Amino acid sequence: MCRHLAYVGSPVPLADLLLAPAHGLLTQSWAPRHQRYGTVNADGFGVGWYASGDPLPARYRRAIPLWADGSFADVARVTSSQAVLAAVRSATPGMTQEASAAAPYAHGPWLFSHNGRIEGWPQAVEALAASLPPARLLALEARVDSALLWALVLERLATGDCAGEALAHVVNSVSAVTGARLNFLLTDGTVIAATAAGDTLFWRTGPGSVVVASEPFDDSPDWHEVADNSLLTATAGYVDVRPIPTFTKEQVAP
């Protein structure tokens, strides 16, 4: 239900990564080429990036289409970063359409995005929501499934999971109780973790950099498609793709 992208590598202007490519997130907001669900992504957008020497990311989020925000075009032209996570949103009917619902979500050094939906929301995941500490629930940024998924990921990170383990546990936990599409992106500015679980995912490396995205932003032959039900972990010099680990009911029970 959206398109998203994460980048780690040498500093690059946000405009060069998101706006300038022929099929970048700007174009994907109205004409995605690989989107399986929905046709446009005009219900908001968000960009998170890291400034040199600052471990906490900055965010710019709006509830309007990316193409309608001339101010971001100016920001993107003059802002460079070594790590970026961005998304354009196609809202699920019945969920809030405020800027707070647009990815990326943030906590400490982390940025997170979810492409997909939970079937039977919210009743299907009541037990998972109840398993969270009350403070975690009260801190949800928006009344949407992505915000709850982010809270579940944060709880796994708090227990000591690495980025990939946290995403895998949440995919298992949600899939155990209901159908869902759970394509995640997670970064702390150094590592990118991602899941392909119900929608498309691609990656490409460059000189000292890696991009992970819902779909290629150009026609380069260097893009690699990630098989469904896969977990990807990447840094600027390394990409690992393997099946999402399967955990027992006891390991994923709320």
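Because the structure is a prediction, the values reported are computed rather than measured.
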Find out whether [X] and [Y] are in side-chain contact, i.e. whether some heavy atom of one side chain is under 4.5 Å from a heavy atom of the other.
X: Thr233; Y: Glu165; value: no
X: Asp145; Y: Met95; value: yes
X: Tyr105; Y: Trp110; value: no
X: Leu152; Y: Ser173; value: no
X: Arg89; Y: Val144; value: yes
X: His34; Y: Phe202; value: yes
X: Phe112; Y: Pro104; value: no

Would you check if the side chain of [X] reaches a backbone N or O of [Y] as a donor-acceptor pair within less than 3.5 Å?
X: Ser29; Y: Val88; answer: no
X: Thr187; Y: Val84; answer: no
X: Thr27; Y: Ala22; answer: yes

Do [X] and [Y] sit within salt-bridge range, that is, some charged N less than 4.0 Å from a carboxylate O?
X: Asp69; Y: Arg62; result: yes
X: Arg61; Y: Glu98; result: no
X: Glu141; Y: Arg59; result: yes
X: Asp16; Y: Arg77; result: no

Are [Y] and [X] connected in a single hydrophobic cluster, I mean Ile/Leu/Val/Met/Phe/Trp/Tyr linked by side-chain heavy atoms less than 4.5 Å apart?
X: Ile192; Y: Leu154; value: no
X: Phe184; Y: Val174; value: yes
X: Trp203; Y: Phe217; value: no

**Prompt:** Measuring from Asn115:CG to Thr200:OG1, what's the distance to the nearest 0.5 Å?
**Reply:** 7.0 Å
**Reported CG-to-CG distance for the pair Leu231 and Leu167, which is rounded to 0.5 angstrom** = 6.5 Å
Side-chain donor-acceptor contact under 3.5 Å, [X] with [Y]:
X: Ser113; Y: Arg3; value: no
X: Arg33; Y: His23; value: yes
X: Asp199; Y: Gln35; value: no
X: Asp161; Y: His169; value: yes
X: Trp30; Y: Asn41; value: no

